[in-house]
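These notes are about the structure you will find just below.
As a basis for the values below, the full set of heavy atoms in this structure was taken, side chains included, without hydrogen atoms, waters or symmetry mates. Just so it is clear: chains get the letters A, B, ... in the order the sequence lines come, proteins before strands, and each one is counted from 1.
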Amino acid sequence: MADEKIKSPKIQATEQMKQLITEYYIDAKTTKLPEGSHKPICWITSGGPVEFLIAADVIPIYPENHGAMCGAARIAPGLAEVAEKMGFSRDLCSYARADIGGALTESGAIPGGLPKPDFLLCCNNICGTVVKWYEELARIFDVPMFLFDTPFIHVEKPEHATEYVRQQCLELVKFLEERTGSGFSLERFAEVAMLSVEAVDLWKGVLATAESRPSPFTCFDAFIHMAPIVTLRGTQKVVDYYKLLKKEMEDRVAQGVGAVHDEKYRLIWDNIPIWYEMRNLGNLFAENRACLVADTYTTAWAVDIRIEDPLTSMADAYTKVYLNISIDIMLEQLVELMERYEADGLVMHSNRSCKPYSLGQYDLSRAVAERTGKPSLIIEADMTDSRVYSEAQTRERVEAFIESL
Amino acid sequence: MPVAGVDIGSLTAKAVVLQGREVLSTSLTQTGHNSRVAGRRALDMALDRMGLDEGSLGFIVATGYGRTAADFAGERITEITCHARGANRTHPEARTVIDLGGQDSKAIAIDERGKVLDFVMNDKCSAGTGRFLEVMASALEVELDDLGSLSLESTSPASISSVCTVFAESEVVSRVAEGAPKVDIIAGIHQAIASRIYAMAARIPTNEALIITGGVARNIGVVRALEQKFDTRIVVPEMPQHMGALGAAIIAGEHHE
Ligand code: SF4
């Protein structure tokens, strides 16, 4: 075990990213002020089809992104307690608990909490929890909610499923026209979709640079730099930002700069990050010369949209996200990831909050071992609720795992 | 030149001084609140027994939860690796190590050289740990060390369904109130622990060559209950509590070479 801490090089683009996200929240907060007109605000689930909102000039707000910020700032447990006191179970997703707590107390990781929604867009391609959560938000704020229902993919996606989701795209358009009072421009939508595709492609390009040895960044970096693709894809700013980031990563590859000093092991991360522990975990793996080169989480935003037929391909893409597919398809994707990044093992965060992500991890780890011969490690934690996490025990597991590689 | 392994656990700190393959001396002390002091004390105790001092040691490896505090060690290794190496030294045929420590329990699959192939841990609750047994012993007002032999006297073990320390304690209290004999209650507790450990170990490949390490291995009742569950004989090494320190000392020896 290396005792000396060797600092990983800092990613220069981080400053721009921070600025981008800060501006985004400032815009969202100030548009409600003062009296007079304001841009409508819509709260949307992380897997939701945000391109429609951008095209309709609606500001999207992601409670999950805010939940992650609260997790990183270590204030999520306090907000969750507010919801728990109201009777919400501690077994409920901690994003939901923290968000409900934050909505009621008007607080959170940004001053005064998230700007209030004018309406809600809930897409259940990530889980069923979001439906009940958004219904609760609809009650709290007394605003309408649009449910974008994506059928689960067990084996193959049937044609009628795409058609069903495509129809909802049209209904969503109508819903937005009613809420904003102006017509929805399909032309503008195609433009937004194109920018979204461009950003997604750039993001994929960023992630692909980690295929080289040493990897220029770790998944802990990716977790931070994914914020724009999650929240603001479909805008020019995001395209510009990822061009910058991609260039920096390509330069690192060209110069042989690795994120982890003297990279020895390459690992894949599964599940949502443990937001409050990112720095410690990053250091722990780095001290042990292990680089987490890719993950199943940030790749979830690398969806394909075909510009020739944005509506259908969007319906398709939003139905096929990682949490909306069966474990067999997940396994294929995991194996592909392991092979593409030449990984030595798999690190799975068994996330108490997120059942759809965590259920089946033991089976997956076994199946991955059978297919690739590579071992996995399971870390038990929660993405934002640090009350169920033990640092000493996690260190024990991580170090023992790396010792056994 | 002798080398040493120091295992600073949650309840006790242990040291083993090794010369070649020969164990020169061992020690065991309570960890208390200061891991570093406890580790050093364990080391000094083991050295004192041989009239040695630290300067006569070729290398020191620390393990256990308190290992990060062991500034006197040349290297720090997890107890999973160390238990595996220790068990492999005393019982080379062992392929599964069940370590029941003060505050957690683990099952480790190892190969013929003692390399860790896979492991599972239960560190979220105290079921099956020394702490759990301590609580049960005090609820029943018997000595911790007597639990094992008492349970062997049982003819019809009571049913204890919960392995949560808090729930099991109240279950035990109600069994006592119902008038169940203590020996049956204790046997029931051991069975509950064995089921829990068995379920945990099922996540990794286990086979018949089982060895048990850690303080709880001294409880013959738990060992018998585990044997029943796994349907195989389980080896209990001479010094189950020192296996981690032994493994650390073996690794220290390799460093020294
Ligand atoms: S349960 Fe999982 S997918 Fe659903 S909102 Fe929570 S973290 Fe997201």
Heavy-atom pair of closest approach, residues A:Glu403 and B:Arg76: OE2-O, 4.4 Å
Over all atoms of both residues, closest heavy-atom pair of B:Thr78 and A:Ala400: CG2-N, 3.3 Å
Spacing of A:Phe401 atom CZ and B:Thr81 atom OG1 [to the nearest 0.5 Å]: 12.0 Å
Reported CD1-to-OG distance for the pair B:Ile108 and A:Ser404, which is rounded to 0.5 angstrom: 10.5 Å
Heavy atoms of other groups near B:Tyr198 OH, more than 12 under 6.0 Å: no
Enclosure of A:Lys132 NZ (heavy-atom neighbours >12, cutoff 6.0 Å): no
Pair B:Tyr65-A:Arg395, side-chain contact (heavy atoms from CB on, under 4.5 Å): steps then yes or no: CA-CA 9 Å; B:Tyr65 278 131; A:Arg395 172 174 283 272; over 6 Å; no
Side-chain donor-acceptor distances from residues 76-86 of chain A under 3.5 Å, at least two apart:
| residue | atom | partner | partner atom | Å |
| --- | --- | --- | --- | --- |
| A:Glu84 | OE1 | A:Arg387 | NH1 | 3.2 |
| A:Glu84 | OE2 | A:Arg97 | NH1 | 2.6 |
| A:Glu84 | OE2 | A:Arg387 | NH2 | 2.6 |

Working for side-chain contact (heavy atoms from CB on, under 4.5 Å), residues A:Ile378 and B:Arg203: CA-CA 11 Å; A:Ile378 295 190; B:Arg203 289 179 186 169; over 6 Å; no
Test side-chain contact (heavy atoms from CB on, under 4.5 Å) applied to A:Glu380 and B:Met121, step by step: CA-CA 10 Å; A:Glu380 282 161 42; B:Met121 288 171 85; over 6 Å; no
N-O pairing of A:Glu396 and B:Lys106 below 4.0 Å: no
Indicate every side-chain donor-acceptor pair of residues 236-247 of chain B with a distance under 3.5 Å to a residue at least two apart or in another chain.
| residue | atom | partner | partner atom | Å |
| --- | --- | --- | --- | --- |
| B:Gln241 | OE1 | B:Arg218 | NH1 | 3.3 |
| B:His242 | NE2 | B:Ser27 | O | 2.8 |

